[in-house]
There are 2 protein chains.
Amino acid sequence: MAGWRNVKNNHDHYDATIRGGALRDTPQRRHVYDLLLGNRDHPTATEVFMRAKKAMPSISLATVYNSLEALVACGLVKQVHIDREPTRFCPNLEEHGHFVCEKCGRVFDIEISQGPATRWKLPKGFTVTHHEISLRGTCADCTKNS
Amino acid sequence: MAGWRNVKNNHDHYDATIRGGALRDTPQRRHVYDLLLGNRDHPTATEVFMRAKKAMPSISLATVYNSLEALVACGLVKQVHIDREPTRFCPNLEEHGHFVCEKCGRVFDIEISQGPATRWKLPKGFTVTHHEISLRGTCADCTKNS
DNA sequence: TTCTCGTTTTAGAATGATTCTTGATCTTGT
DNA sequence: ACAAGATCAAGAATCATTCTAAAACGAGAA
């Protein structure tokens, strides 16, 4: 996948960042982070929980929420919001948008072609700190099979 | 505000559209629609409910939800999603994005400068049916007063 | 007009994601 | 090892939204 540092570097980044945020490196957090890196399909907290239990049966949903919150707080993971659906989590730190296929429900990362400055006509005096772009439609696979 | 047909025309549009969707023109629906047209500050369902009760004290929250759903279904009103905050409602049918001021909480309509085709680098075979763009930052007033 | 039937309204219960609370359990620094 | 603080787990609480069931309503037929 384009724009991705490799897994080893992601783990180094984890070590540095988790401590920079004054957070402990706990097994639960690392497990949650590894799951996100290992399957970059934008899971919800509940989906992360179900996957996490396979290798760590005692983990609780609350801990998954706490771990995800910690990872988001120190910038290792981003939240993805699509309408008011459950929040999804994405370890891709490059600037990008998201595309949801209305047929299969999969979420894809989408490259954004230009910088924020030229993209919108903001009134004078407005400053942007974050943006979120979400598209809906039909993915290539579902277009082909319909 | 730029890009707005006048209120009279919006009401004509209401008459035509509500029937085109095989929906009845009920006092509750018209009242909800009038509120949205009269104060275009992107209220949530609960905010619409509080305003609606002033002129129609017997209206229920469920009816406000139903009315908003009907207006959205026939295309008179659009939903606005900002993160996972409560859904907001917007009668501006022009293509536009939204800007939330993190200081004062107000939501502003934002012009989008280019057509969808050139804006994103979609993989081949992907087709977009809807998009939603939301920005966060500081508005002009709050930048000035800080 | 009156009847009829499908639509709408209403109040309250139910749902579901997320957050909060509380006590138990680890970690780190001394 | 000990104290202080962070984290974990289980369940309760919150809040937007949807669902349910029954009463009220409206447009068209008789």
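Fair warning: this is a prediction, and the values are worked out from it, not measured in the lab.
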Would you find a donor on one side and an acceptor on the other, under 3.5 Å apart, between the side chain of B:His96 and the backbone of B:Glu94?
yes
Does a side-chain N or O from B:Gln28 land closer than 4.0 Å to OP1 or OP2 of D:dC25, or not?
no
Tell me if a side-chain donor or acceptor on B:Arg84 pairs with a main-chain N or O of A:Glu85 at a distance below 3.5 Å.
yes
Over 12 non-hydrogen atoms of neighbours within 6.0 angstrom of CD in B:Glu69:
no
Is the phosphate of C:dT10 approached by B:Thr63 (side-chain N or O, under 4.0 Å from OP1 or OP2)?
yes
Given D:dC8, is OP1 or OP2 found less than 4.0 Å from the side-chain N or O atoms of A:Ser58?
no
Using the rule given for ring-ring contact (aromatic ring centres under 6.0 Å, His included), can you reason through A:Phe49 versus A:Tyr65, listing the C-alpha separation, both sets of side-chain angles and the distance that settles it, and then say yes or no?
CA-CA 9 Å; A:Phe49 174 53; A:Tyr65 270 105; 9.0 Å; no
Could you tell me whether a side-chain N or O of B:Ser67 sits under 3.5 Å from a main-chain N or O of B:Thr63, the two making a donor and an acceptor?
yes
Between D:dT7 atom P and A:Arg30 atom CZ, what is the distance in whole Å?
15 Å
D:dT17 OP1/OP2 closer than 4.0 Å to side-chain N/O of B:Thr87:
yes
Between the protein and nucleotides 22-30 of chain C, which nitrogen or oxygen pairs come in under 3.5 angstrom?
| residue | atom | partner | partner atom | Å |
| --- | --- | --- | --- | --- |
| C:dT27 | O4' | A:Arg24 | NH1 | 3.4 |

Between D:dT18 (P) and A:Asp83 (CG): distance, integer Å:
12 Å
Does B:Gly125 offer a backbone N or O that forms a donor-acceptor pair with the side chain of A:Thr143 under 3.5 Å?
yes
Nearest-Å distance for atom pair CG/C1', residues B:Leu68 and C:dT9:
14 Å
Taking five pairs at each terminus, the helix from C:dT1-D:dA30 to C:dT30-D:dA1 shows an axis bend, to 10°, of 20°
Closest to the side chain of B:Pro86, out of D:dC8, D:dT17, C:dG12, is D:dT17
Euclidean distance, atom CZ of residue A:Arg88 to atom C1' of C:dG16 [Å, nearest integer]:
15 Å
Rounded to whole Å, how long is the line connecting atom CG of B:Asn66 with atom P of D:dT20?
13 Å
Run the numbers on A:Lys103 and A:Asp141 for salt bridge (Lys or Arg N to Asp or Glu O under 4.0 Å), then give the verdict.
CA-CA 10 Å; A:Lys103 296 263 176 67; A:Asp141 288 353; over 6 Å; no
Rounding to a whole Å, what distance do you find between B:Tyr65:OH and D:dC15:P?
13 Å
Using whole Å, what does the distance between atom P of nucleotide D:dA9 and atom NE2 of A:His31 come to?
11 Å
Does B:Arg84 make a side-chain N or O approach to OP1 or OP2 of C:dA17 shorter than 4.0 Å?
no
For A:Asp41 and A:Arg88, run salt bridge (Lys or Arg N to Asp or Glu O under 4.0 Å): C-alpha distance rounded to whole Å, both residues' side-chain angles, the deciding distance at 0.1 Å, then the answer.
CA-CA 9 Å; A:Asp41 60 353; A:Arg88 297 167 180 279; over 6 Å; no
Rounded to whole Å, CG of A:Leu23 lies from C1' of D:dG5 at a distance of 13 Å
Less than 6.0 angstrom separating the ring centers of A:His42 and A:His98, yes or no?
yes
